[in-house]
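Reading through the structure tokens given below for one structure.
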Amino acid sequence: MIDKYDPKPVEERRLAAWDAAKLSRSAPSDKKAFTIVIPPPNVTGALHIGHALNNTLQDAFIRHHRMKGEETCWVPGTDHGGIATQNVMEKQLKAEKVDRHALGRDAFLERMQQWTRDCKKTILGQLHRLGASLDTDREAFTMDEARAEAVYQAFKALWERGLIYRGERLVNWCVRCGTALSDIEVEREERKGGLWHVRYKGADGSEGAVVATTRPETMFGDTAVAVNPKDARWAHLVGQKVVIPFIDRAIPVIADDYVDFEFGTGCLKVTPAHDQNDWDIGQRHGLEAIKAISPDGKLTEAAGPYAGLSREKGKDQVVADLEAQGFLVKKEDHKSAVQTCYRCGSVIEPLLSLQWFVKQTELAKAPLKAFDEGRFKIHPESWGKPYRAWLVDIKDWCVSRQIWWGHRIPVWYKDGEKPVVAKSSPGAGWTQDPDVLDTWFSSALWPLAVFGWPEKTKDLAFYYPTSVLVTGYEILYLWVARMQMMGLAFEGKVPFADAVIHGIVRDKGGKKMSKSLGNVVDPLLMMDKYGTDALRMALMAQAYPGKDIAFDEQTVVSMRNFVNKVWNSARFVLMNLAPGKTYSLDSLSHCCLELSDKWILSRYQAVLKESRARLDAYDPAGAANALYGFLWDEFCAWYIELAKGRLTGIDGEDKEAARAILVSVLAGTLKALHPLMPFVTEELSEALRPWSGETESFLLRAGYAEPAYDWSNPEAEAEMRRVMGAVTAIRSLRAQLNVPVDMTVKAVVQGELADAHRPYVSRLAKVEGMEPFTARPPQSATAVADGVTFYIPLAGVVDFAKEKERLTKELAKAETDIAKCDGKLKNLSAATGVPAEKLAEAREQRDAAVARRERLQETLAVLS
RNA sequence: GCCCAGUUGGCGCAGUGGUAGCGCGUUCCCUUGACAUGGGAAAGGUCACAGGUUCAAAUCCUGUACUGGGCACCA
């Protein structure tokens with residue numbers, strides 16, 4: 001075995017073996033089901049580091065539960081991605097100078113299909129490379145035949161329940177994408193703009209009103225000017241008419257409570273066709289809605305001389321002309337939140353248009369109840385409140401999109417007939433609605449659709465509801481809430497009882513990754529450079545619920561180092577085994593175990609328990625940190641170092657005990673690490689198999705090691721801590737006094753140090769010939785640990801000034817410790833109801849510190 | 001404006017009532033037969049601030065400040 005872990009060949013070999021064994025396949029069985037449906041990535045290109053995080057987490061959970069013996073099923077798939085994917089294709093076409101409309105709908109869709117095929121391949125390949133143990137036989141796509149059937153059936157069912165309607169409403173319109181969007185597909189950002197005070201003269205030639213507006217270009221759609229009924233300044237105008245500049249259309253002045261007379265001039269121009277609040281006012285007062293802006297973002301005929309100008313140009317021109325002609329009273333700087341398209345960033349235009357909607361209030365009731373009754377939990381809990389609030393204050397969902405890529409709305413029209421919901425044409429003369437459904441409509445059905453819904457399949461019965469959903473908080477409403485609605489509406493059960501919400505992977509400085517900033521990290525590159533296990537560990541070790549991750553390549557490097565450490569620990573163990581014997585902890589003879597054995601077994605058991613509990617609680621970071629620390633700082637740093645001496649000795653019971661523990665603890669730790677870093681653990685487990693007694697070829701089939709004996713041993717742990725303390729005290733002394741590293745020193749020992757533990761100190765601190773204390777040897781340095789003191793004669797080596805300085809520092813530390821213990825003891829004895837153990841523990845701590853102080857004081861006295 | 005989260009050594013983060021931890025980085029020493037992708041030692045924090053509860057607070061409560069986020073917005 002080579003002394004450096006080389007991930008590439010190992011990963012290739014393991015993937016091939018896993019694939020050949022169809023290791024991740026699942027079928028309904030009598031075992032407990034543990035099911036996850038993948039958040040299907042959009043077919044917009046390659047996966048990014050966020051996907052790597054999302055899928056690593058899911059894979060860890062899946063592997064963990066499979067190793068616990070459950071029937072795990074992780075369903076792979078991709079999402080057609082509606083607008084996002086169509087935008088990608090439009091960019092491609094633009095580069096080829098092809099117009100989408102010239103190409104035609106059918107040819108366009110043909111190209112989309114081709115692109116989708118390629119993209120799926122890329123995505124699934126990347127997931128495979130990541131080690132994702134997906135049941136590839138179940139691959140689904142939100143627009144394949146089975147999913148199309150589910151979408152149709154869901155639409156039809158909602159229609160029949162009266163939950164779908166078509167109507168002309170003010171919707172969020174993306175001028176760039178040329179489609180309506182739902183309320184949650186809109187983002188808001190603060191932008192600096194202006195607030196223009198514009199005079200609308202009275203129809204009778206009087207002064208009229210001065211309105212304040214941020215959007216003067218929409219004034220051609222005004223159908224009233226509103227003032228607050230309590231506003232004395234403008235009361236005389238109510239009921240009068242004023243005239244819109246340039247086009248001289250007269251509009252009424254109305255009174256409405258909505259108007260805030262603190263703001264602007266207290267006069268509000270009302271444009272029902274282009275503003276939600278104005279729309280509401282319009283409804284209350286029976287105002288007409290005049291469209292001043294067209295779906296392509298240009299001013300309409302209503303704008304008279306400005307017709308045909310873009311929104312932006314129109315605004316500039318209108319403002320310039322208002323000023324030139326004396327209508328502009330004043331311009332203020334004004335910050336306002338503009339709404340932008342979540343797909344292309346263009347400014348959203350509220351536009352009156354005919355769209356399809358899904359009624360939400362009714363559908364939101366069941367998820368709300370499920371949440372309140374604890375049948376659905378969000379991790380971390382802090383996302384529960386906004387989730388709930390969103391459901392309570394929910395608005396109807398605009399589901400029609402004016403694009404081509406998606407599920408065509410299954411509604412057919414014919415003159416003089418009522419619209420019909422049908423999969424295909426009901427007959428001659430019928431035409432299908434040209435729009436497609438919001439991509440999130442099909443996503444909402446995902447946990448149902450991947451198991452064959454609406455058919456009552458065996459899969460659906462066994463796997464639904466699924467166990468957990470792992471996703472980012474940015475699609476909590478967009479997706480998670482909608483799945484809850486649909487799942488409850490159609491199957492009466494939550495689609496998953498738990499949602500694990502992870503954060504966004506940001507760059508090192510905490511900035512969001514974006515192509516334009518050039519700070520995007522390619523997961524494939526990281527895997528190439530450091531190995532897949534290292535990337536997975538780097539992501540997972542920082543994946544605390546709901547928290548964003550600041551991604552630093554350094555972390556991957558350090559995890560690569562950890563993987564290498566694991567590799568080398570196994571190399572060491574393997575080098576020290578003889579062929580032909582298998583080991584297990586169960587066969588260990590307890591009488592021949594020494595302190596380090598009892599200690600490592602106790603720690604091993606505790607860490608296994610912890611990592612399992614952490615993974616059960618969807619906390620892979622906790623599991624990763626526990627196992628990392630155990631393997632490196634306990635198993636390698638202390639146990640292996642101590643075992644070295646035993647392994648070079650003659651064959652015997654002690655050597656065999658050390659071998660058994662090395663093999664078993666390592667094998668068990670590899671199993672525990674397998675959900676986190678599957679490749680290296682599988683490779684090493686295979687290498688250990690002749691000795692570990694493991695008969696299964698794959699860790700996923702082998703399952704976790706179940707200790708048959710309770711190795712927990714607090715006494716051994718405490719005792720080992722004392723030995724470690726002694727070793728560290730001597731090492732520290734040596735380092736600070738510049739005792740040569742390879743120099744073995746003698747020592748006089750005062751206090752307790754069991755004979756059996758002397759070899760530990762001897763080996764790890766290079767001390768030999770530990771004589772019992774009779775007197776402090778001359779010219780010696782002193783290492784004081786709890787319960788034991790070492791006097792190390794160092795004539796000619798010790799710089800006594802330095803030694804004094806060192807001891808003084810240690811004395812100060814002892815004093816601090818005592819003071820802290822005193823404070824604690826005082827508190828504890830003053831309090832009532834303090835457990836006796838706590839008091840005893842505090843006393844012990846204090847006694848130890850006092851003893852240390854005494855030794856240090858004595859030594860310092862001798863030195864001076 | 002309302003709500004939520006965060007504020008811990010240079011950086012990134014754990015830690016939820018009893019003497020502050022981890023990774024990276026820094027300084028010094030070391031190529032000793034698992035590993036220099038390593039080993040040893042060390043420096044570095046009054047846990048944002050102000051009150052409060054408690055015998056005891058980084059941890060619980062209240063308030064303030066800053067940062068990030070969610071929701072709602074006065075045109």
Side-chain angles (χ1 to χ4, degrees), chain A residues 1 3-5 188 195 211-215 218 226 258-265 267-271 275-278 281 334 336-337 380 382-387 389-390 393 473-474 476-477 503-504 508-510 530 534 538 541-542 544 546-552 554-555 557-576 621-622 625 628-629 633 636-637 640-641 644 648 728 731-736 738-742 764-766 816-834 838 841-842 845-846 849:
Chain A
M1 265 172 102
D3 65 353
K4 293 274 183 298
Y5 174 58
R188 283 192 174 80
L195 181 67
V211 301
T213 180
T214 55
R215 300 206 59 193
T218 64
Y258 170 78
V259 182
D260 175 0
F261 47 87
E262 303 273 313
F263 188 89
T265 59
C267 264
L268 167 71
K269 67 190 240 354
V270 183
T271 324
D275 183 279
Q276 187 60 51
N277 292 311
D278 291 9
I281 294 172
H334 181 69
S336 65
S382 53
W383 276 105
K385 216 168 161 178
Y387 169 80
W390 187 77
D393 196 26
Y473 53 74
E474 68 276 14
L476 185 62
Y477 315 131
I504 292 169
K508 194 180 163 184
Y530 307 108
Q542 297 182 87
Y544 290 90
K547 286 197 79 159
D548 287 351
I549 292 174
F551 184 87
D552 185 348
Q554 258 307 313
T555 312
V557 172
S558 68
M559 286 305 171
R560 187 270 317 261
N561 295 353
F562 175 66
V563 172
N564 188 59
K565 188 75 185 176
V566 175
W567 175 262
N568 273 292
S569 66
R571 214 160 66 91
F572 172 81
V573 172
L574 288 164
M575 283 167 109
N576 284 286
N625 292 334
Y628 181 106
D633 299 328
C636 289
I640 284 186
E641 287 311 316
K644 280 177 180 171
T648 52
T728 305
R731 281 174 172 172
S732 178
L733 175 156
R734 295 180 56 125
Q736 289 179 55
N738 298 319
V739 177
V741 179
D742 50 359
L764 299 175
K766 292 219 158 164
T816 315
D817 287 356
I818 293 166
K820 279 179 182 167
C821 288
D822 279 344
K824 188 177 164 187
L825 270 171
K826 200 178 131 203
N827 286 332
L828 288 175
S829 47
T832 49
V834 176
K838 290 232 168 192
E841 194 186 283
Q845 282 170 356
R846 183 178 189 282

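First the proteins, then the strands, lettered A, B, ... as listed; each starts at 1.
Among the heavy atoms of the strands lying under 4.0 Å from Ala831(A) is at least one base atom, whether or not backbone atoms are also near. Residue contacts for Ile640(A): at a heavy-atom cut-off of 4.0 Å it reaches a base atom on one of the strands shown. Within the nucleic acid shown, Thr728(A) comes within 4.0 Å of sugar-phosphate atoms alone, with no base atom in reach, counting heavy atoms only. At a threshold of 4.0 angstrom between heavy atoms, the contacts of Thr214(A) are confined to the sugar-phosphate backbone, with no base atom among them. Among the protein residues, Ala389(A) comes within range of no part of the nucleic acid, since none of its heavy atoms lies under 4.0 Å from any strand. If you check every strand for non-hydrogen atoms under 4.0 Å, Asp260(A) touches a base. In this structure, Arg560(A) reaches the bases: a heavy-atom distance under 4.0 Å links it to at least one base atom across the strands shown. Contacts of Val259(A) with the nucleic acid, taken as non-hydrogen atoms under 4.0 Å apart, include base atoms. In this structure, Gln845(A) reaches the bases: a heavy-atom distance under 4.0 Å links it to at least one base atom across the strands shown. Note on Tyr5(A): nothing from the nucleic acid sits closer than 4.0 angstrom, heavy atoms only. Using a 4.0 Å heavy-atom cutoff across all strands shown, Phe261(A) reaches no nucleic acid atom at all. At a threshold of 4.0 angstrom between heavy atoms, the contacts of Asp3(A) are confined to the sugar-phosphate backbone, with no base atom among them. Within the nucleic acid shown, Glu841(A) has no heavy atom closer than 4.0 Å to any nucleic acid atom. Heavy atoms of Lys824(A) sit under 4.0 angstrom from primed sugar atoms or phosphate atoms, though from no base atom.
Residue Lys547(A) places no side-chain atom within donor-acceptor reach of the base of A5(B), judged by atom type and a 3.5 Å distance cut-off alone. Evaluation of atom-type donor-acceptor distances gives no pair under 3.5 Å for the side chain of Lys385(A) against the base of C4(B). Within 3.5 Å, a donor on the side chain of Lys838(A) pairs with an acceptor on the base of G18(B), or the reverse. Donor-acceptor pairing under 3.5 Å, judged by distance alone, is absent between the side chain of Gln276(A) and the base of A75(B).
Using a distance-only test at 3.5 Å, with no hydrogens or angles considered, no donor-acceptor pair links the side chain of Asp3(A) to the main chain of Asn568(A). For the pair Arg731(A) (side chain) and Leu764(A) (backbone), a donor-acceptor distance under 3.5 Å is present. The backbone N or O of Lys766(A) sits less than 3.5 Å from a side-chain atom of Arg734(A), completing a donor-acceptor pair.
Across A36(B), A41(B), A34(B), the shortest atom-to-atom separation from the side chain of Ala735(A) is found for A41(B). With C71(B), A34(B), A41(B) as the candidates, the nucleotide lying closest to the side chain of Ser732(A) is A41(B). Proximity note for Asn561(A) (side chain, C-beta onward) versus G38(B), A34(B), A5(B): the nearest is G38(B). Distances were taken from every side-chain heavy atom of Asn827(A) (C-beta onward) to each of U19(B), G18(B), C35(B); the shortest belongs to G18(B). Closest to the Ala337(A) side chain, of the nucleotides G12(B), C24(B), C73(B), is C73(B). For Val741(A), taking side-chain heavy atoms from C-beta onward, the closest of the listed nucleotides A34(B), C35(B), U32(B) is U32(B).
Cation-pi check for Lys644(A) over Phe572(A) is met; the charged atom lies under 6.0 angstrom from the ring centroid and within 45 degrees of its normal.
In summary, the side chains of Asn564(A) and Tyr530(A) do not present any donor paired with an acceptor at a separation below 3.5 Å, with no hydrogens or angles considered.
Once rounded to the nearest 0.5 Å, the distance linking CG of Asp275(A) with CG of Leu268(A) reads 8.0 Å.
Mapping Asp393(A) and Tyr473(A) onto RNA chain B by nearest heavy atom places Tyr473(A) at the nucleotide closer to the 5' end.
The P atoms of G9(B) and A14(B) are separated by 13 Å, rounded to the nearest whole Å.
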